[in-house]
Amino acid sequence: MSDDGQPGPPAGGRVDFRAALRSCFRAALDGLAADGVVPLTADEMPALLDQVRQTADAKFGDYSGTMAMALAKRAGRKPRDLAADIAARLAAAPTYADFFLPPGDPVGPGFINVRVRDEALAAALSRAVSDPRLGVRGTERPETIVVDFSSPNVAKPMHVGHIRSTVIGDALARILRFRGHRVITDNHLGDWGTQFGMILWGWKHCRDDEAFAADPTAELGRLYRLVRKVADAKPEELAADPAAASLAARYPEAGREVLAETAKLHEGDPENRALWERFMPVCRAEIDRLYARLHVTFDHWLGESFFQPMLAATVDDLVARGLARESRGAIGVFLRGDDAPPLLIRKADGAFLYATTDLATIRWRLDTWKPSRILYVVDHRQSEHFEQVFDAARRWGLSGIADVDLVHVGFGTVLGEDGKPFKTRAGDTVGLEALLDEGVERARQVIELGAEGRAALAAEDRRHVAETVGIGAIKYADLSQNRTTDYVFSFDKMLQLTGNTAAYMQYAVARVEGIFAKGGIDRDALRVAATEVRIAEPAERALALDLLRFGEVLEDVEADYRPNLLTTWLYDLAGRYSSFYDTHPVLKAEGPERASRLALCDLTGRVLRTGLELLGIGTVERM
RNA sequence: GCGCCCGUAGCUCAGUCGGAUAGAGCAUGGGAUUUCUAAUCCCAGGGUCGGUGGUUCGAGUCCACCCGGGCGCACCA
């Protein structure tokens with residue numbers, strides 16, 4: 001439950017029915033407590049008001065409150081009696097009658113069911129149609145929120161394992177921003193770690209100058225993959241790669257030497273530093289191209305190298321404060337006593353670790369941006385790491401640490417079709433670019449096979465549609481899954497263009513556009529004139545009510561950082577629209593009915609488009 | 001060994017932090033197009049929610065134990 005349940009005037013005339021009803025319930029419960037029926041403290045109120053929700057089934061009304069049953073025992077009353085008491089107080093709450101029909105008798109063991117007045121629904125709908133924010137209120141307490149996501153290692157080509165952080169992080173950033181927060185996105189590039197040591201070692205021992213001249217990115221990628229195998233020296237990997245095996249035989253100390261190259265870079269060795277500066281633009285050009293194609297942008301690109309100058313001071317400070325100490329030649333923060341493994345912040349060879357960078361980064365962000373939240377959109381396998389880093393940061397006693405919420409927004413591992421995870425360090429996974437190409441190609445094939453209506457699309461339009469649909473399908477497949485569960489990567493599944501997919505909603509948007517194109521409707525004029533909306537048919541009412549829940553859904557997405565709540569709702573919304581569209585003529589309707597249906601179509605199109613936009617998914621006019 | 005996560009329809013998954021007869025999609029079977037894009041809509045079959053106990057008005061959801069699977073646990077990130 002968030003701030004939106006607080007009483008208060010609706011922002012900009014926008015109505016959030018659930019928030020309005022919660023504030024009525026709050027008044028009812030306050031009265032209950034004041035009259036001594038049941039004692040209630042202020043801090044348990046949010047959880048109780050959370051029990052005001054959309055009903056499971058429309059036959060029970062639009063919203064229901066279930067807290068009476070939970071409170072009955074404490075009140076020493078029968079659940080139904082207490083529910084009736086609450087319902088009576090609810091009906092008398094200020095503004096209740098403006099929005100809702102009288103609650104009536106409690107149902108079952110004590111459900112208080114509420115239905116929105118049709119006039120209130122029509123009025124809210126007509127305001128939403130004329131509102132650039134589509135009736136969405138947004139948060140009443142804007143915060144500064146840092147979203148740390150994507151963060152690939154620039155030394156190696158991006159692959160499918162990077163897609164979740166990128167897509168989920170981008171969607172969350174867009175949604176939080178739309179909610180009214182000040183959002184700062186930061187791509188914390190891995191541009192300073194061991195993987196650069198591998199490239200440096202590879203460059204010095206087995207580079208191919210011609211290949212580098214022809215395609216620098218590919219050559220650096222080759223070096224990374226090759227040296228990684230040589231350094232790890234796993235027999236089964238070497239057996240499968242003769243080139244790596246012969247190098248490993250020639251340089252048995254390769255693993256140590258790679259770490260030494262990394263340490264030299266960190267110490268400011270001129271040669272390694274110069275090579276790093278030469279490689280960086282090559283690496284950036286590669287990932288920039290992919291971000292452009294994904295339409296993902298960042299406010300900042302503060303990679304590990306940016307924080308490198310702060311690392312020594314970070315370690316010194318933690319040592320000086322008695323939080324960190326030497327152990328087996330390394331330096332670590334002992335968080336769980338002397339026996340449990342510490343959080344290492346400096347290796348025995350002097351090099352720093354990613355925990356060091358993470359701690360320095362927290363300090364810098366607190367000093368610079370003073371955020372109230374920092375979100376880390378990172379694979380859930382790193383949950384322990386973040387627990388430790390957050391714990392260490394709190395003990396560190398940084399300025400502002402008490403006021404910041406550090407959140408690891410974890411997500412399930414990307415698995416291959418064989419059910420095994422894509423290992424970050426594994427050699428040959430599906431490249432991200434190849435994945436996007438395949439998605440677009442499959443979408444293009446569907447378009448070519450399509451009905452005559454699509455034959456009218458110009459070649460340029462077809463390319464654009466294929467790109468939008470193909471990449472949208474890939475993003476949507478990822479976002480529509482509960483973020484905490486593992487995610488099986490499957491071309492066939494994500495590129496299927498029927499059912500619960502982005503294409504279904506993009507198609508609904510295109511059909512809305514079709515109506516306005518065919519009817520030659522002036523949508524701006526329609527929005528200004530949409531003052532007399534009438535909701536008559538059940539399909540219209542269901543659609544209208546659903547449209548007005550946009551703000552509720554975004555609030556819920558923020559509460560748990562779960563974009564799949566938005567995808568589910570959008571899919572339901574598109575389904576309601578399709579049902580409505582199938583049975584209710586719009587252009588052939590007349591008078592107020594036609595105007596009302598046009599208003600519904602206009603708002604549906606814009607809500608779907610905006611919702612997809614918040615997921616980072618594009619739409620097209622025709623498809 | 002310690003810690004975290006998961007087990008729901010044939011398949012892939014939702015399930016609003018305890019609420020009403022457990023929902024979608026795909027697949028299967030049937031139906032709808034003189035009408036705004038059929039990439040659509042409507043209908044049907046399909047379930048001991050891994051198992052056993054417990055907590056209570058109520059459990060897929062919370063607790064305990066068991067079965068089965070995944071991940072992490074000091075010098076990679």
Side-chain angles (χ1 to χ4, degrees), chain A residues 47 50-51 53-57 59-60 64 66 69-70 72-73 78-79 107-111 113 151 153 190 193-195 197 228 231-232 259 262 304 327-332 340-349 351 353-355 357 379-385 387 410 412-413 415 419-421 424-425 446-447 449-454 469 480-482 484-486 488 490 492-493 496-501 503-504 506-508 510-519 552-553 556 559-560 562 564-565 568 571-572 575 578-579 581-588 601 622-623:
Chain A
D50 255 354
Q51 295 180 46
R53 300 173 192 148
Q54 184 192 25
T55 53
D57 191 317
K59 75 181 176 200
F60 297 124
S64 73
T66 60
M69 295 173 277
K73 177 160 281 185
K78 287 182 185 168
V107 179
F111 291 92
N113 293 334
S151 308
N153 286 324
T194 305
Q195 76 285 142
R228 209 265 314 147
D232 281 2
L259 295 181
T262 311
E304 292 170 335
S327 172
R328 299 182 207 171
I331 293 178
L343 177 67
L344 287 190
I345 53 176
R346 200 178 79 181
K347 301 198 290 183
D349 67 3
L353 292 116
Y354 78 139
T357 313
D379 192 320
H380 74 344
R381 284 179 294 190
Q382 295 189 42
S383 60
E384 207 168 2
H385 165 75
E387 275 173 39
T413 312
L415 305 173
K420 298 212 171 129
T424 314
R425 299 180 54 191
V446 173
I447 292 163
L449 293 171
E452 321 77 60
R454 281 183 277 283
V469 170
S480 60
Q481 189 131 22
N482 182 324
T484 60
T485 55
D486 284 349
V488 177
S490 156
D492 289 336
K493 193 184 155 202
Q496 199 149 37
L497 300 177
T498 58
N500 186 7
T501 63
Y504 178 78
Q506 289 167 325
Y507 181 61
R511 293 209 291 183
V512 170
E513 293 299 331
I515 287 179
F516 288 105
K518 184 131 187 169
E552 295 173 21
V553 173
D556 292 345
D560 285 320
R562 283 178 39 184
N564 74 307
L565 296 179
T568 300
Y571 178 60
D572 288 342
S578 293
S579 300
Y581 175 95
D582 241 52
T583 48
H584 297 74
V586 177
L587 293 175
K588 290 191 176 171
C601 290
R622 293 199 299 165
M623 62 186 281

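In this text, all values refer to a predicted model and were calculated from it rather than measured experimentally.
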How would you label the contact of [X] with the nucleic acid (heavy atoms, under 4.0 Å): base, sugar-phosphate, or nothing?
{"X": "A508(A)", "answer": "nothing"}
{"X": "L259(A)", "answer": "sugar-phosphate"}
{"X": "P109(A)", "answer": "base"}
{"X": "N500(A)", "answer": "sugar-phosphate"}
{"X": "L587(A)", "answer": "base"}
{"X": "S383(A)", "answer": "nothing"}
{"X": "S64(A)", "answer": "base"}

How far does [atom1] of [X] sit from [atom2] of [Y], to the nearest 0.5 angstrom?
{"X": "L343(A)", "Y": "E387(A)", "atom1": "CG", "atom2": "CD", "value": "11.5 Å"}
{"X": "F111(A)", "Y": "Q51(A)", "atom1": "CZ", "atom2": "CD", "value": "10.5 Å"}
{"X": "T413(A)", "Y": "H380(A)", "atom1": "OG1", "atom2": "NE2", "value": "4.5 Å"}
{"X": "T194(A)", "Y": "L353(A)", "atom1": "OG1", "atom2": "CG", "value": "8.0 Å"}

Indicate whether OP1 or OP2 belonging to [N] is found under 4.0 Å from a side-chain N or O atom of [X].
{"X": "Q195(A)", "N": "rA77(B)", "answer": "no"}
{"X": "T485(A)", "N": "rA14(B)", "answer": "yes"}
{"X": "R346(A)", "N": "rA74(B)", "answer": "no"}
{"X": "R53(A)", "N": "rG19(B)", "answer": "yes"}
{"X": "N482(A)", "N": "rC13(B)", "answer": "no"}
{"X": "Y504(A)", "N": "rC41(B)", "answer": "yes"}

Please tell me which of the listed nucleotides, [options], lies nearest to the side chain of [X]?
{"X": "M69(A)", "options": "rC36(B), rC57(B), rA77(B)", "answer": "rC57(B)"}
{"X": "T498(A)", "options": "rU21(B), rA39(B), rA77(B)", "answer": "rA39(B)"}
{"X": "S579(A)", "options": "rU35(B), rC41(B), rA77(B)", "answer": "rC41(B)"}
{"X": "Q481(A)", "options": "rA77(B), rA14(B), rC71(B)", "answer": "rA14(B)"}
{"X": "S578(A)", "options": "rU40(B), rC36(B), rG19(B)", "answer": "rU40(B)"}

* Structure fact -> Assign each of D560(A) and S480(A) the nucleotide of RNA chain B bearing its closest heavy atom; nearer the 5' end lies the nucleotide of S480(A)
* Residue mapping more 5' on RNA chain B - nearest nucleotide basis, A351(A) or E384(A) -> E384(A)
For [X] and [N], what is the distance between atoms [atom1] and [atom2] respectively, to the nearest whole Å?
{"X": "D232(A)", "N": "rC76(B)", "atom1": "CG", "atom2": "P", "value": "11 Å"}
{"X": "Q382(A)", "N": "rG3(B)", "atom1": "CD", "atom2": "P", "value": "22 Å"}
{"X": "D486(A)", "N": "rC4(B)", "atom1": "CG", "atom2": "P", "value": "17 Å"}
{"X": "D57(A)", "N": "rA22(B)", "atom1": "CG", "atom2": "P", "value": "12 Å"}
{"X": "D379(A)", "N": "rC4(B)", "atom1": "CG", "atom2": "C1'", "value": "13 Å"}
{"X": "K78(A)", "N": "rG58(B)", "atom1": "NZ", "atom2": "P", "value": "16 Å"}
{"X": "E552(A)", "N": "rU16(B)", "atom1": "CD", "atom2": "P", "value": "16 Å"}
{"X": "Y571(A)", "N": "rA24(B)", "atom1": "OH", "atom2": "P", "value": "10 Å"}

* To do: Please examine the side chains of Y571(A) and S480(A), heavy atoms only from C-beta on, and report whether any two atoms are closer than 4.5 Å.
  => no
What is the minimum heavy-atom distance between [X] and [Y], and which atoms define it?
{"X": "P585(A)", "Y": "T583(A)", "result": "CD-O, 3.7 Å"}
{"X": "P79(A)", "Y": "A72(A)", "result": "CA-CB, 3.6 Å"}
{"X": "T485(A)", "Y": "N482(A)", "result": "OG1-O, 3.0 Å"}

Between [M] and [N], how far apart are the [atom1] atoms? Round to whole Å, please.
{"N": "rU8(B)", "M": "rA59(B)", "atom1": "C1'", "result": "14 Å"}
{"N": "rA77(B)", "M": "rG10(B)", "atom1": "P", "result": "46 Å"}
{"N": "rU52(B)", "M": "rG30(B)", "atom1": "C1'", "result": "42 Å"}
{"N": "rA20(B)", "M": "rU12(B)", "atom1": "C1'", "result": "28 Å"}
{"N": "rU33(B)", "M": "rC42(B)", "atom1": "C1'", "result": "13 Å"}
{"N": "rG29(B)", "M": "rU55(B)", "atom1": "C1'", "result": "45 Å"}
{"N": "rG7(B)", "M": "rU61(B)", "atom1": "P", "result": "11 Å"}
{"N": "rG25(B)", "M": "rC2(B)", "atom1": "P", "result": "44 Å"}

Which base sits across from [N] as a Watson-Crick or G-U pair, both distances under 3.5 Å?
{"N": "rA20(B)", "answer": "none"}
{"N": "rG58(B)", "answer": "none"}
{"N": "rG72(B)", "answer": "rC2(B)"}
{"N": "rA44(B)", "answer": "rU28(B)"}
{"N": "rC36(B)", "answer": "none"}
{"N": "rC65(B)", "answer": "rG51(B)"}

base_contact_polar ([N] base, [X] side chain, donor-acceptor, <3.5 Å):
{"X": "N113(A)", "N": "rA20(B)", "answer": "yes"}
{"X": "S327(A)", "N": "rA74(B)", "answer": "yes"}
{"X": "K518(A)", "N": "rU35(B)", "answer": "no"}
{"X": "Y354(A)", "N": "rA77(B)", "answer": "yes"}

* Hey, does the side chain of D486(A) reach the backbone of G412(A) with a donor-acceptor pair shorter than 3.5 angstrom? -> no
